[in-house]
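Order of the sequence lines sets the chain letters (A, B, ...), proteins ahead of strands, with each chain counted from 1.
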Protein chains: 2
Amino acid sequence: MGRGHMARRNTNRRVGIADVAEKAGVSHATVSRVMNGNAAVDPGIAARVRAAAVELKYQPNPVGRSLALGKTDTIGIVVPDLANPTFQAILRGLSIAAAQDGYRVLIADSSEVTSEEAILAGEARRRCDGVVLCAPRMSDAELEELAPTLHPLVLINRTTVATNTPSLSVDYGQGIQELAQHLVTLGHRRLVFLSGPEHSASNRQRLVGLDQFRKEHPEIELQMLHGGSNFDSGHESTEAIISSGATGILAFNDLVAMGLLSGLHERGIRVPEDISVTGFDDIPFAKYTTPPLTTAAVPINELGSLAWRRMREQIQQAGEAATQAQDEFSPRVEIRKSTAAPALTPA
Amino acid sequence: MGRGHMARRNTNRRVGIADVAEKAGVSHATVSRVMNGNAAVDPGIAARVRAAAVELKYQPNPVGRSLALGKTDTIGIVVPDLANPTFQAILRGLSIAAAQDGYRVLIADSSEVTSEEAILAGEARRRCDGVVLCAPRMSDAELEELAPTLHPLVLINRTTVATNTPSLSVDYGQGIQELAQHLVTLGHRRLVFLSGPEHSASNRQRLVGLDQFRKEHPEIELQMLHGGSNFDSGHESTEAIISSGATGILAFNDLVAMGLLSGLHERGIRVPEDISVTGFDDIPFAKYTTPPLTTAAVPINELGSLAWRRMREQIQQAGEAATQAQDEFSPRVEIRKSTAAPALTPA
DNA sequence: ACGCTCTGAGAAAACGCTTTCTCATAATTC
DNA sequence: GAATTATGAGAAAGCGTTTTCTCAGAGCGT
């Protein structure tokens with residue numbers, strides 16, 4: 001029972017195409033043809049090969065396939081922070097959508113280290129058939145330079161001008177304006193925006209939106225307060241918020257709002273009776289806070305699956321340079337219980 | 001300026017080792033040696049090669065390397081549901097720890113479809129150097145059969161007897177007992193356990209723990225209520241909880257507890273004054289609910305990084321069959337504001 | 001000055017697969 | 001029945017690396 005000429009190195013080798021070929025008494029090529037259904041193979045032989053394959057539990061080695069086919073059936077995603085529910089949701093949507101088409105996703109977390117992003121993205125690209133760059137913190141110039149080298153690329157929360165790479169963005173500017181408008185309609189006259197990370201493009205968009213809002217509502221007092229993007233930064237801002245004297249708070253996102261909510265609660269300040277608070281994103285937790293959070297809903301699951309669709313389009317087209325879609329989502333204000341008319345409307 | 005014999009197929013080929021070799025006037029082999037610093041190379045030549053490499057922006061193709069080296073520097077993780085913060089945290093911990101050692105992670109979400117788990121795990125294994133199986137829902141028998149085929153394998157929340165694969169588990173049984181004890185100590189006499197998914201091994205552990213608890217506290221009334229593992233199932237149980245007449249509620253996990261918290265709030269029932277609620281896991285959101293949730297803290301970030309350490313040990317040892325560690329974590333009860341003495345202790 | 005060891009670079013095999021190329025055999029046509 | 005065309009399987013080239021094998025030339029000792 002010789003193992004043939006293949007028994008050269010390891011005895012406990014993983015079963016390869018050669019083993020199946022030997023067992024079925026055919027050539028490597030024929031096994032490959034049968035496994036991939038590529039060319040016509042005599043039904044009898046095909047059956048023999050298939051039988052040998054199942055008997056040996058043969059599973060083609062994906063690395064070998066990848067090298068031969070020039071594709072890995074894998075896409076990469078680079079996120080600034082995997083702890084952020086927004087990015088988790090995008091990752092999830094992407095992963096599920098991609099899986100439906102037989103693709104897997106490789107993840108890379110830049111941990112908000114801007115300088116790592118380009119490296120991670122490049123590495124991911126070399127291992128994968130494409131890359132999704134999620135809310136990159138790098139500069140526009142850097143992004144512009146990097147984009148072409150990544151080519152099958154989908155951008156989330158950023159856009160490029162030079163190359164026409166598909167991008168998915170959310171109109172944060174509009175969303176924050178609508179939230180501000182909501183507060184004003186309720187009767188609030190003194191607002192605070194608790195801003196997010198400086199490198200965040202979406203934070204800049206919110207600021208631009210609020211500038212616009214100021215022009216349209218010169219009668220409203222709108223203060224800016226520096227913050228971050230997580231619970232803790234919201235919590236830490238509690239005192240500053242209280243002493244601001246504002247009655248309506250626009251938090252950078254839901255996480256910040258939740259941190260703030262908890263801080264206010266500890267201080268015995270009632271929401272929404274004393275202060276109204278809004279979030280942004282409508283993460284799944286937002287409607288379960290106490291009180292449920294008024295926020296601007298970003299269709300976060302769709303983002304992931306649409307990202308995959310755009311990626312797939314590029315992978316399939318390969319050659320033809322089609323015009324790439326620039327999708328923009330408008331957040332929808334979700335009014336819950338964390339906002340209400342202020343107790344005393346100042347004269 | 002001929003491209004040499006390499007210009008056979010695509011003009012816009014990706015730059016390969018051959019291009020560098022040609023430019024530096026050396027052989028493929030030498031370029032490889034320089035890039036990997038494997039063998040001694042004449043400093044002059046090495047410099048020439050390196051110069052050529054940077055000029056051409058040469059980056060070795062990982063697929064080629066993987067084939068040659070028999071490793072991918074990638075590990076896979078299979079989770080039942082990427083929407084669950086617990087698994088997200090594990091994924092994150094794993095990803096960050098692995099990245100520190102130059103490894104990437106490929107994710108697979110079985111979406112709670114038990115029959116997919118084995119397939120996904122197998123596929124992941126073929127593409128990666130190892131697999132982390134996170135809270136698999138499959139039967140013990142299936143797991144026992146699958147484990148050896150996955151070999152560099154780390155199990156989370158499950159164990160195997162046959163193969164000695166390292167496993168990380170949490171003593172859910174003890175944790176839930178401690179929470180129950182906490183409620184009893186506060187004066188509660190009527191408790192409810194709002195249980196989780198049936199296929200979940202950790203749910204079974206909780207049930208076993210509570211059986212034990214019952215034996216030790218025959219005087220306590222402990223009801224079981226069916227539920228799930230997310231917000232909605234907690235929210236949906238609100239009525240059943242209220243009509244149970246219990247004053248202390250042990251929710252399957254923090255998500256369920258949060259859903260319940262919100263349901264109780266809507267019904268005007270105060271927590272903890274009227275009813276005490278506990279969660280499990282101590283997800284980041286738990287301390288920001290209103291009121292902050294009493295829960296059993298699972299060291300969730302450590303789980304991910306420890307999973308990587310165990311994986312790395314196996315990858316490095318390769319040959320030597322070392323005894324594999326079975327790590328067990330004891331949850332630590334985190335007392336917050338969602339539990340308190342019941343208003344009226346029944347006679 | 002001759003032979004020996006040692007250093008270092010190129011040739012070639014290997015990794016596991018797909019696919020083109022080639023050719024034998026069977027099927028078809030006049 | 002001989003020439004022509006389908007059909008289908010094997011041989012071999014490639015995919016992009018690493019690594020073993022081989023060998024030329026430099027350095028050394030006597």
* To do: Please identify each residue that fulfils side-chain contact (heavy atoms from CB on, under 4.5 Å) with Ser167(A), with sequence neighbours left out.
  => Leu155(A), Thr159(A), Gln326(A)

* **5' precedence on DNA chain D between Ala40(A) and Ala29(A) (nearest-nucleotide basis)** => Ala40(A)

* Roughly how many Å is it from CZ in Arg33(B) to C1' in dG16(D), rounded to a whole number? -> 16 Å

* Asked: Has Thr30(A) got a side-chain N or O lying under 4.0 Å from the OP1 or OP2 atom of dG10(D)?
  -> yes

* Only counting residues at least two apart or in another chain, list the ones meeting side-chain contact (heavy atoms from CB on, under 4.5 Å) with Ala53(B). => Val20(B), Met35(B), Tyr58(B)

* To do: Round to a whole Å and report the spacing from CG of Asn38(A) to P of dC17(C).
  => 15 Å

* **For Arg65(B), salt bridge (Lys or Arg N to Asp or Glu O under 4.0 Å) partners two or more places apart** => none

* To do: Return no unless some side-chain N or O of Asn36(A) is found under 4.0 Å from OP1 or OP2 of dT18(C).
  => yes

* Asked: For Asp327(B), which residues count as a salt bridge (Lys or Arg N to Asp or Glu O under 4.0 Å) partner, sequence neighbours excluded?
  -> Arg310(B)

* To do: Establish whether the base of dG16(C) is bridged to the side chain of Arg14(A) by a donor-acceptor pair shorter than 3.5 Å.
  => no

Please table the atom pairs, donor to acceptor, closer than 3.5 Å between any side-chain atom in residues 300-308 of chain B and protein atoms at least two apart or in another chain.
residue: Ser305(B); atom: OG; partner: Glu302(B); partner atom: O; Å: 3.2
residue: Trp308(B); atom: NE1; partner: Asp101(B); partner atom: OD2; Å: 2.6

* Nucleotide dT19(C), atom C1' - distance to CD1 of Ile17(A) in whole Å -> 11 Å

Can you name the atoms? Protein N/O to nucleotides 23-25 of chain C N/O, anything below 3.5 Å, with the distance.
none

* **salt bridge (Lys or Arg N to Asp or Glu O under 4.0 Å) partners for Arg126(A), two or more places apart** => none

* **Whichever of Asp42(B) and Ser32(A) has its nearest DNA chain C nucleotide further upstream toward 5'** => Asp42(B)

* Mark yes or no for whether Glu117(B), through its side chain, and Arg137(B), through its backbone, hold a donor-acceptor pair below 3.5 Å. => yes

* Asked: Heavy atom of residues 43-73 of chain B under 4.0 Å from DNA chain C: which residues?
  -> Ile45(B), Leu67(B), Ala68(B)

* Ser202(A): side chain to side chain donor-acceptor pair (under 3.5 Å) partners, not counting sequence neighbours -> Ser200(A), Arg206(A)

* Asked: What does the inter-axis angle of the helix from dA1(C)-dT30(D) to dC30(C)-dG1(D) come out as, five pairs per end, nearest 10 degrees?
  -> 50°

* Structure fact -> Between NE2 of His28(B) and C1' of dA14(C) the distance, given in whole Å, is 14 Å

* **Test item: side-chain donor near acceptor, Ser66(A) and Thr72(A), under 3.5 Å** => no

* Asked: Quick one: side-chain contact (heavy atoms from CB on, under 4.5 Å) partners of Asp42(B), sequence neighbours excluded?
  -> Ile45(B)

* With sequence neighbours excluded, residues passing side-chain contact (heavy atoms from CB on, under 4.5 Å) with Glu145(B) -> none

